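These numbers were taken from a predicted model, which means no experiment stands behind them. Just so you know, these numbers use all the heavy atoms, side chains as well, and skip hydrogens, waters and symmetry mates.
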Amino acid sequence: MNSTEILKKDPISQVKVLPTVIELTSEERKMIKDAAKHLQKKYGNYENREFIKQIHQLASYFLPERILNIAANFSSDFSENQYGALIFKGLMDVDQESIGTTPPNWQSADYSKFDLYGFACALIHGALPSKPVQYYSQRKGGGLIHAIIPDEKMRETQTGSGSSTDLYVHTEDAFLKHQADFLSFMYIRNEEQVPSTLYSIRSHESIGEKYKPLFDRIYKIPKDANLENELDEECALDSVLYGNHQLPFMRFDAAEQLFNPSIKQTEEAHYHLKEFWEEARHLIYSRFTPQAGDVILVNNHLCAHGRSAFKAGVRNIDGVENKCERRIMLRMMSKVSLIDMRAHTLTEDPFFVIEEHLGKNFELL
């Protein structure tokens with residue numbers, strides 16, 4: 001299922017594993033949209049608990065068989081040829097008129113306008129052995145879907161709301177022990193034509209003795225840029241690579257671990273991170289520019305994500321800047337096992353994760 005590409009000018013490796021690209025047929029696209037409309041009529045909202053409880057059965061019933069099989073196989077493939085990202089081109093047609101003008105930030109977004117697309121995202125997660133969850137660390141529990149919208153006040157930040165700087169590749173919520181297993185990004189609009197970036201640990205020619213130190217738990221993994229770090233949390237350490245030593249998983253945030261001067265990694269940790277980044281940065285995939293209705297499904301243990309810098313609300317056409325609607329992206333996260341993390345969820349809601357940092361819960365909840 002995965003593609004490879006010969007890169008004659010690549011100084012590191014001649015062959016890269018690339019994300020799999022699936023182009024949906026018009027019939028498959030119609031099936032998914034009809035299913036989303038039916039589910040919206042029956043359940044009202046994609047956060048309906050009855051809908052979430054039955055998500056796997058509903059996905060098996062409603063998703064086109066080809067899409068169901070591709071997603072299901074993806075979820076259990078950790079092989080050397082598995083990049084860790086699926087690109088679904090044209091998963092749904094987006095009604096731009098009904099979405100209306102892009103709001104100034106995610107706080108002012110009208111989520112009712114995204115209900116239809118939320119059901120479609122949830123069905124894709126339902127094809128995996130993974131339940132949609134929400135994290136308190138993400139906007140203090142901002143629901144199962146987060147609207148990612150450029151915010152002028154945050155344009156220089158290393159967050160989804162930023163725009164004027166490249167968002168370094170990172171595994172989502174690397175600072176959590178129980179970060180999401182899978183992520184989906186649905187592009188509602190991308191009129192600025194901003195490329196997405198992906199980086200897979202499987203893109204390296206091999207993981208040998210050179211990167212063995214990355215399995216040591218000596219690396220500071222600070223919280224996201226939108227969360228405050230307390231002084232005593234600087235000592236929380238973990239590894240960058242984990243699992244199988246030949247085909248490992250990854251927990252990595254370049255911006256926070258390498259380029260945040262306040263973190264002060266040890267000399268040893270910084271050396272290994274820098275050496276790793278010197279190779280990894282050449283393996284970042286940035287050749288896909290999402291269009292409205294595209295979805296990127298990511299295994300958060302294999303693949304990091306980011307985006308290129310852009311000027312929000314402006315599209316460059318032949319060197320001429322043209323005003324346009326700012327981009328809107330929807331992010332959904334899911335977790336395979338909620339049993340082994342029950343101590344990090346609300347008592348009354350096992351789908352609401354309250355972990356704050358590397359196994360520590362928010363104290364006020």
Side-chain angles (χ1 to χ4, degrees), residues 36 40 43-48 51-52 91-122 132-167 170 172-173 180 183-194 196 223-228 290-296 305-315 321-333 349 351-354 362 364-365:
Q40 184 179 26
Y43 294 102
N45 183 273
Y46 52 83
E47 296 201 24
N48 184 305
F51 169 66
I52 298 300
L91 187 86
M92 278 191 76
D93 293 321
V94 177
D95 185 347
Q96 296 293 336
E97 188 175 342
S98 68
I99 297 298
T101 302
T102 301
N105 47 50
W106 64 265
Q107 293 96 327
S108 54
D110 180 358
Y111 276 80
S112 66
K113 294 181 177 181
F114 305 136
D115 274 343
L116 196 66
Y117 310 107
F119 278 109
C121 286
V133 293
Q134 62 176 309
Y135 285 81
Y136 189 78
S137 60
Q138 294 280 355
R139 300 170 180 172
K140 302 298 182 283
L144 294 183
I145 271 187
H146 295 148
I148 311 297
I149 296 171
D151 184 340
E152 180 62 23
K153 295 179 181 178
M154 300 184 69
R155 64 190 181 92
E156 295 184 1
T157 64
Q158 281 289 312
T159 68
S161 299
S163 56
S164 65
T165 61
D166 290 339
L167 179 61
H170 59 284
E172 191 71 23
D173 294 343
L183 316 169
S184 65
F185 301 98
M186 175 176 274
Y187 294 83
I188 300 300
R189 62 173 51 130
N190 188 21
E191 294 184 19
E192 298 105 331
Q193 296 295 285
V194 185
S196 288
K223 295 180 190 176
D224 250 349
N226 63 332
L227 293 171
E228 292 183 7
Q291 304 303 313
D294 291 348
V295 170
I296 300 179
H305 64 277
R307 54 132 183 85
S308 300
F310 65 104
K311 191 172 182 178
V314 173
R315 181 174 181 178
E321 292 187 345
N322 296 266
K323 287 187 177 181
C324 65
E325 284 292 338
R326 285 171 299 121
R327 73 202 298 256
I328 302 176
M329 182 180 73
L330 304 179
R331 176 185 59 201
M332 180 174 279
M333 299 178 280
D349 187 353
F351 303 107
F352 196 126
V353 185
I354 59 172
F362 284 94
L364 300 178
L365 290 175

- Query: Within a strict 4.5 Å, meaning less than it, do heavy atoms of the Tyr187 and Ser196 side chains meet?
  - Reply: yes
- Going by atom types only, do Asp173 and Gln138 share a side-chain donor-acceptor pair under 3.5 Å? yes
- Task: Could I get the full list of side-chain hydrogen bond (donor to acceptor under 3.5 Å, both in side chains) partners for Asp294, not counting sequence neighbours?
- Result: none
- Message: Within the structure provided, determine whether Arg326 and Ile149 are in side-chain contact (heavy-atom separation under 4.5 Å).
- Response: yes
- Message: Strictly distance-based, threshold 3.5 Å: is any side-chain N or O of Glu192 a donor or acceptor partner for the main-chain N or O of Val314?
- Response: no
- From CD (Glu191) to CG (Asn322), nearest 0.5 Å: 11.0 Å
- Side chains of Gln291 and Gln193 in contact at under 4.5 Å (non-hydrogen atoms): yes
- Query: Taking C-beta and beyond as the side chain, do Asn45 and Asp115 meet within less than 4.5 Å on heavy atoms?
  - Reply: yes
- Distance (rounded to the nearest 0.5 Å) between Ile296 CD1 and Phe185 CZ: 7.5 Å
- Query: Do Pro132 and Ile52 have side chains that get closer than 4.5 Å, going by heavy atoms?
  - Reply: yes
- Query: Which heavy atom in Met186 sits nearest to a heavy atom in Ala120, and how many Å separate them?
  - Reply: CE-CB, 4.2 Å
- Item | Gap separating the OG atom of Ser163 from the CD atom of Glu152, nearest 0.5 angstrom | 6.5 Å
- Could you check Leu116 against Met92 for side-chain contact (heavy atoms from CB on, under 4.5 Å), going step by step and ending with a plain yes or no? CA-CA 10 Å; Leu116 196 66; Met92 278 191 76; 4.0 Å; yes
- Which heavy atom of Ala147 sits nearest a heavy atom of Tyr111, and at what distance? N-OH, 2.9 Å
- Query: Just how far is it from atom SG of Cys121 to atom CE of Met333, taken to the nearest 0.5 Å?
  - Reply: 12.0 Å
- How many angstroms lie between CD in Glu156 and OG in Ser164, if you round to the nearest 0.5 Å? 4.5 Å
- Task: Would you confirm whether Gln40, through its side chain, and Tyr46, through its main-chain N or O, come within 3.5 Å as a donor-acceptor pair?
- Result: no
- Query: Taking the six-membered ring for Trp, is the centroid-to-centroid distance between Phe119 and Phe51 below 6.0 Å?
  - Reply: yes
- Should Tyr117 and Ile99 count as side-chain neighbours, where that means a heavy-atom distance under 4.5 Å? yes
- Task: Give the minimum heavy-atom separation between Phe352 and Gly141, together with the two atoms involved.
- Result: CZ-CA, 3.7 Å
For a quick test of your reading: what N or O donor-acceptor pairs under 3.5 Å do the side chains of residues 305-312 make, sequence neighbours left out?
residue: His305; atom: ND1; partner: His170; partner atom: O; Å: 3.3
residue: His305; atom: NE2; partner: His170; partner atom: NE2; Å: 3.3
residue: His305; atom: NE2; partner: Glu172; partner atom: OE1; Å: 3.0
residue: Arg307; atom: NH1; partner: Thr165; partner atom: O; Å: 2.8
residue: Arg307; atom: NH2; partner: Gly162; partner atom: O; Å: 2.8
residue: Lys311; atom: NZ; partner: Glu321; partner atom: OE1; Å: 3.3

- Message: Using side-chain heavy atoms (C-beta onward) and a distance below 4.5 Å, is Phe114 in contact with Ile328?
- Response: yes
- Task: Kindly give the heavy-atom pair with the smallest separation between Gln134 and Gly142, and that separation in Å.
- Result: OE1-N, 4.1 Å
- Only counting residues at least two apart or in another chain, list the ones meeting side-chain contact (heavy atoms from CB on, under 4.5 Å) with Thr101. Glu325
- Note on the structure: Correct closest heavy-atom pair for Gly118 and Met332 would be O-CE, 3.9 Å
- Query: Should Leu167 and Gln158 be marked as a side-chain contact (heavy atoms from CB on, under 4.5 Å) after you check the CA-CA gap, both sets of side-chain angles, and the distance that decides it?
  - Reply: CA-CA 6 Å; Leu167 179 61; Gln158 281 289 312; 3.5 Å; yes
- Work out which heavy atom in Gly143 is nearest to a heavy atom in Glu47; give both atom names and the distance. CA-OE2, 3.4 Å
- Item | Contact check, side chains of Arg189 and Val94, non-hydrogen atoms, under 4.5 Å | no
